[in-house]
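Comments concern the structure below.
Side chains included, hydrogens not; waters and symmetry mates left out as well; all remaining heavy atoms used. To find a chain, count down the sequence lines: A is the first, B the second, and so on, and within it residues start at 1.
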Amino acid sequence: MEVGTALSFALPLAVAIAALGSGLGLGRAVSAAMEAMGRQPEAAGKIQVGMIIGCALIEALTIYALATVFLLMGKI
Amino acid sequence: MKALGVDFIHRVMATSAVLAGLSLLFVSVYYNWHFGLGIFIGTAWGIANLHFLTQLIGAVVEPGPLHKRKVVLLALVKFPVLYGAAYLVLHFGDLSMLSFLIGFNIIFAVALLKVLGRLLNERLEQVQPPDNLNRVVR
C-alpha cells in the first residue's frame with residue numbers, strides 16, 4: 001500500500017479517534033464537576049476554574065490531532 | 001495548594017497576551033516576520049478560545065435561570081466561528097502550522113508555570129516562615 005493511500009485512510013480515523021477520546025474525557029470531567037458543584041455549592045467557583053482549565057487542556061489535545069492531520073494532508 | 005479563582009484565568013490570559021507581543025517582536029526581528037505573526041495569531045486564538053470557554057461555562061453554571069440566548073450565542077461564536085476563523089487564517093493566510101501551534105501552546109505554558117510558581121512559593125513558605133526569614137536577613 002502506498003503512503004498516500006495509507007494516510008488517506010489513517011487521517012480521518014485519527015481525527016475521529018481523537019474527537020471520540022476528547023468527547024468522552026470532556027463528558028466525564030464536566031459531569032464530575034457538576035456533581036461536585038451540586039454537592040458543595042459553596043465551592044462552585046473553585047471547581048469551575050478547575051473544570052475550565054481541564055476542558056481547555058482536553059480540547060487542546062484534539063486541536064493537536066487536527067493540526068497533525070492538516071500537516072500530513074500535504075503528503076497525500 | 002490554595003484553590004485557584006477565576007482571576008487566575010484572567011491573569012493567565014493577560015500574561016499570554018504580553019508574551020505574544022514580545023514573541024512577535026523578537027521572532028520578527030531575529031528570525032522571520034511570518035513565523036512571528038503565526039505565533040502571535042496562535043496565542044491570540046488560544047486566548048480567545050479560553051475566554052469564550054470561560055464565558056460559556058460561566059453562563060451555563062451560574063445560579064439562577066439559564067440565559068438560553070446568551071449560551072447559544074457563545075456556543076456559536078466559540079465553535080463554528082472561532083474554529084472557522086482559524087481554518088481560514090491557516091488555509092489562506094500563508095502561515096506555518098508550527099508557528100500557530102507554538103503560539104497556541106504559550107497559554108498552557110503560562111498556566112503551568114504560574115501554578116508551579118505558586119506551588120513552589122507555598123512550599124518555600126512552609127519550609128521557612130517569613131518571620132524566620134526576616135530574622136536571618138536582619
Query raised in the report: To the nearest 0.5 Å, what is the distance between CD (Q55(B)) and CD1 (I52(A))?
Result: 9.0 Å
Query raised in the report: Taking L56(B), N105(B), L90(B) one by one, which has the highest count of heavy-atom pairs under 4.5 Å against chain A?
Result: N105(B)
Query raised in the report: Which pair of non-hydrogen atoms, one from C55(A) and one from L53(B), has the smallest distance, and what is that distance?
Result: CB-CD2, 3.9 Å
Report task. Could you tell me whether E2(A) atom CD has more than 12 heavy atoms of other residues or ligands within 6.0 Å of it? Result -> no
Report task. Please name the pair of heavy atoms, one in Q48(A) and one in G58(B), separated by the smallest distance, quoted to 0.1 Å. Result -> NE2-CA, 3.5 Å
Query raised in the report: Is it the side chain or the backbone of I47(A) that comes within 4.5 Å of chain B heavy atoms, both, or neither?
Result: neither
Requested in this report: Answer yes if M73(A) and I17(A) sit in the same cluster of Ile, Leu, Val, Met, Phe, Trp and Tyr residues linked by side chain heavy atoms under 4.5 Å apart, and no otherwise.
Outcome: no
**Report entry** Smallest separation among heavy atoms of G5(B) and V49(A), with atom names
**Finding:** C-CG2, 3.4 Å
Report task. Tell me, for Y83(B) versus chain A, whether the close heavy atoms (under 4.5 Å) come from the side chain, the backbone, both or neither. Result -> side chain
Report task. Determine whether F70(A) and L7(A) fall in the same hydrophobic cluster, where Ile, Leu, Val, Met, Phe, Trp and Tyr are linked whenever their side-chain heavy atoms lie under 4.5 Å apart. Result -> yes
**Report entry** Verify same cluster id: I58(A), V15(A) (apolar side-chain graph, 4.5 Å)
**Finding:** no
Query raised in the report: What distance do L101(B) atom CG and L71(A) atom CG have between them, rounded to the nearest 0.5 Å?
Result: 7.0 Å
Query raised in the report: Is L22(B) reachable from F40(B) through a run of I, L, V, M, F, W or Y residues, each pair having side-chain heavy atoms under 4.5 Å apart?
Result: no
Query raised in the report: With the 4.5 Å side-chain cut-off for hydrophobic clustering, are L112(B) and I9(B) part of the same group?
Result: no
Report summary line: Cut-off 4.5 Å, heavy atoms of chain A, and the answer for F52(B) is neither
Query raised in the report: Can you tell if the side chain of V61(B) reaches within under 4.5 Å of the side chain of M34(A), non-hydrogen atoms only?
Result: yes
Report task. Classify the ring geometry between F104(B) and Y64(A) as parallel (under 30°), tilted (30 to 60°) or perpendicular (over 60°). Result -> perpendicular
Query - Inter-residue atom distance M97(B).CE - L72(A).CG, 0.5 Å rounding - result: 10.0 Å
